[in-house]
Amino acid sequence: MSENETPGADDERRVLDAGALRALSHPLRVRIFDVLAQEGPQTASTLAEILGESSGATSYHLRALARHALIREVAGEGGGRERWWERPPGGIVYDSRAVQGSPAGEAALQVAVTEMHRRRNDDLMEYFGGRIDREPEEWVDASASFTSGISMTPEQATELIHKIEAIIDEAGHKYRGQKGEGVRRVSVRADVFPLKNLTNTKESSS
């Protein structure tokens with residue numbers, strides 16, 4: 001499972017190890033991680049204002065994220081006590097195989113993935129559950145949520161994932177750093193996973 005906040009054809013995707021997963025297993029750190037992706041570089045003070053937290057708390061959690069290279073200090077910005085932080089380019093990958101056999105790593109993965117999906121679901125529900133009614137018509141028309149159930153083999157599902165990933169990467173590379181009138185950050189999501197079998201009935205091959 002991957003997450004790529006700043007996608008592009010040349011970006012590398014980092015598979016998170018147990019230490020990085022533990023760093024992301026705190027709800028406030030996930031929120032900080034998201035804000036840096038959505039709003040760009042921030043200081044502990046600006047994050048505190050955005051998130052309604054103390055600057056001491058945001059500073060502490062920024063350092064925890066930085067220890068595992070999940071974020072980095074912006075070179076040449078600020079001075080004295082005012083440090084600016086950003087997310088490096090590229091994506092991150094949550095892969096259970098990277099922590100397999102490590103109870104602590106597996107527990108950290110479970111917490112980090114659960115928190116990440118909770119945040120994503122909250123954003124989705126906040127928008128489609130009400131905010132969409134207050135958006136300009138052009139953004140309503142530019143919003144969509146798709147769900148489809150398809151009968152596929154693992155190989156076919158993997159091929160589909162690669163095609164979707166290529167389309168998203170192409171758009172990310174094309175519009176990276178774009179600024180100007182009408183430009184907003186847009187969440188692009190694609191979920192591909194096997195559904196739970198609801199019956200024990202097996203189709204015959206006759």
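Atoms considered below: every heavy atom in the structure, side chains included; atoms not considered: hydrogens, waters and symmetry mates. This structure is a prediction, so every number in the text was calculated from the model and none was measured.
Transitive grouping of hydrophobic side chains (ILVMFWY, heavy atoms separated by less than 4.5 Å) keeps Val186 and Tyr175 in distinct clusters.
Counting heavy atoms from C-beta on, the side chains of Leu28 and Phe33 never come closer than 4.5 Å. Contact of the Val99 side chain with the Leu21 side chain is registered, since non-hydrogen atoms from C-beta on lie closer than 4.5 Å.
Scanning both residues, Val30 and Leu24, for their nearest heavy atoms gives CG2-O, 3.2 Å. Between Leu16 and Ala20, the shortest heavy-atom distance links the atoms CD2-CB, 4.0 Å.
Counting heavy atoms of neighbouring residues, nucleotides and ligands inside a 6.0 Å radius, atom CE of Met125 does not exceed 12 of them. Other residues, nucleotides and ligands contribute at most 12 non-hydrogen atoms within 6.0 Å of the CD atom of Glu137.
Hydrophobic cluster membership of Leu124, counting Ile, Leu, Val, Met, Phe, Trp and Tyr whose side-chain heavy atoms lie under 4.5 Å apart directly or via other members: Tyr127, Phe128, Ile132, Val140.
If you take NE2 on His117 and CG on Asp191, they are separated by 7.0 Å, rounding to the nearest 0.5 Å. Separating the CD1 atom in Ile161 from the CD atom in Gln156 is a distance of 12.0 Å, to the nearest 0.5 Å. Atom CH2 in Trp85 sits 9.5 Å away from atom CG in Leu65 (nearest 0.5 Å). One distance of note links CG of Leu62 with CG of Leu36; it measures 6.5 Å at 0.5 Å rounding.
The side chain to side chain contact (heavy atoms under 4.5 Å, CB included) search around Ile167 returns none, not counting sequence neighbours. Remark: Val183 pairs with Gln178 by the side chain to side chain contact (heavy atoms under 4.5 Å, CB included) rule, at least two apart or across chains. Under the side chain to side chain contact (heavy atoms under 4.5 Å, CB included) criterion, Leu195 pairs with Phe193, sequence neighbours left out. Evaluation of the side chain to side chain donor-acceptor pair (under 3.5 Å) rule for Arg72 yields Glu86 as partners, not counting sequence neighbours. Among residues two or more places apart in sequence or in another chain, the side chain to side chain donor-acceptor pair (under 3.5 Å) test is passed with Glu155 by Thr153. Listed by chain and residue number, Gln42, Thr43 satisfy the side chain to side chain contact (heavy atoms under 4.5 Å, CB included) test with Thr46 (two or more places apart in sequence, or in another chain).
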Practice task
Go through the steps for Arg119 and Glu115 under the test salt bridge (Lys or Arg N to Asp or Glu O under 4.0 Å), then give the verdict.
Solution key: CA-CA 6 Å; Arg119 290 283 302 157; Glu115 184 59 27; 5.3 Å; no
Exercise for the section: Show your reasoning for whether side chain to side chain contact (heavy atoms under 4.5 Å, CB included) applies to Val15 and Tyr94. Expected result: CA-CA 6 Å; Val15 178; Tyr94 301 88; over 6 Å; no
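Within the structure, every pair that satisfies the salt bridge (charged side-chain N to carboxylate O under 4.0 Å, His left out) test and touches residues 24-33, not counting sequence neighbours, is listed here: Arg31-Glu53. Sorted by first and then second residue, the pairs that involve residues 35-70 and meet ring pair (Phe, Tyr, Trp, His ring centres under 6.0 Å), not counting sequence neighbours, are His26-His61. For the salt bridge (charged side-chain N to carboxylate O under 4.0 Å, His left out) condition, the pairs that include at least one residue of residues 125-135, sequence neighbours left out, are Glu126-Arg131, Arg131-Glu135, Glu135-Arg184. Residue pairs meeting the salt bridge (charged side-chain N to carboxylate O under 4.0 Å, His left out) criterion with at least one partner in residues 36-52, sequence neighbours excluded, do not occur; the list is empty.
Under 3.5 Å, the side chains of Arg185 and Ser187 contain no donor-acceptor pair of N or O atoms. In summary, the side chains of Thr114 and Arg118 do not present any donor paired with an acceptor at a separation below 3.5 Å, with no hydrogens or angles considered.
Remark: side-chain polar atoms of Arg14 are paired, donor with acceptor, to backbone N or O of Ala69 under 3.5 angstrom. Without hydrogens or angle criteria, Thr58 side chain to Ala44 main chain gives a donor-acceptor distance under 3.5 Å. Of the possible polar contacts, one joining the Ser25 side chain to the Arg22 backbone as a donor-acceptor pair under 3.5 Å is found.
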For residues 101-112, run the donor-acceptor check on the side chains, cut-off 3.5 Å, and write out each pair with its distance to 0.1 Å, sequence neighbours left out.
unit_1	atom_1	unit_2	atom_2	d
Ser102	OG	Gly105	N	3.0
Glu106	OE2	Gly101	N	3.1

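A salt bridge does not link Lys174 with Glu170: every distance from a Lys NZ or Arg NE/NH1/NH2 to an Asp or Glu carboxylate oxygen is 4.0 Å or more.
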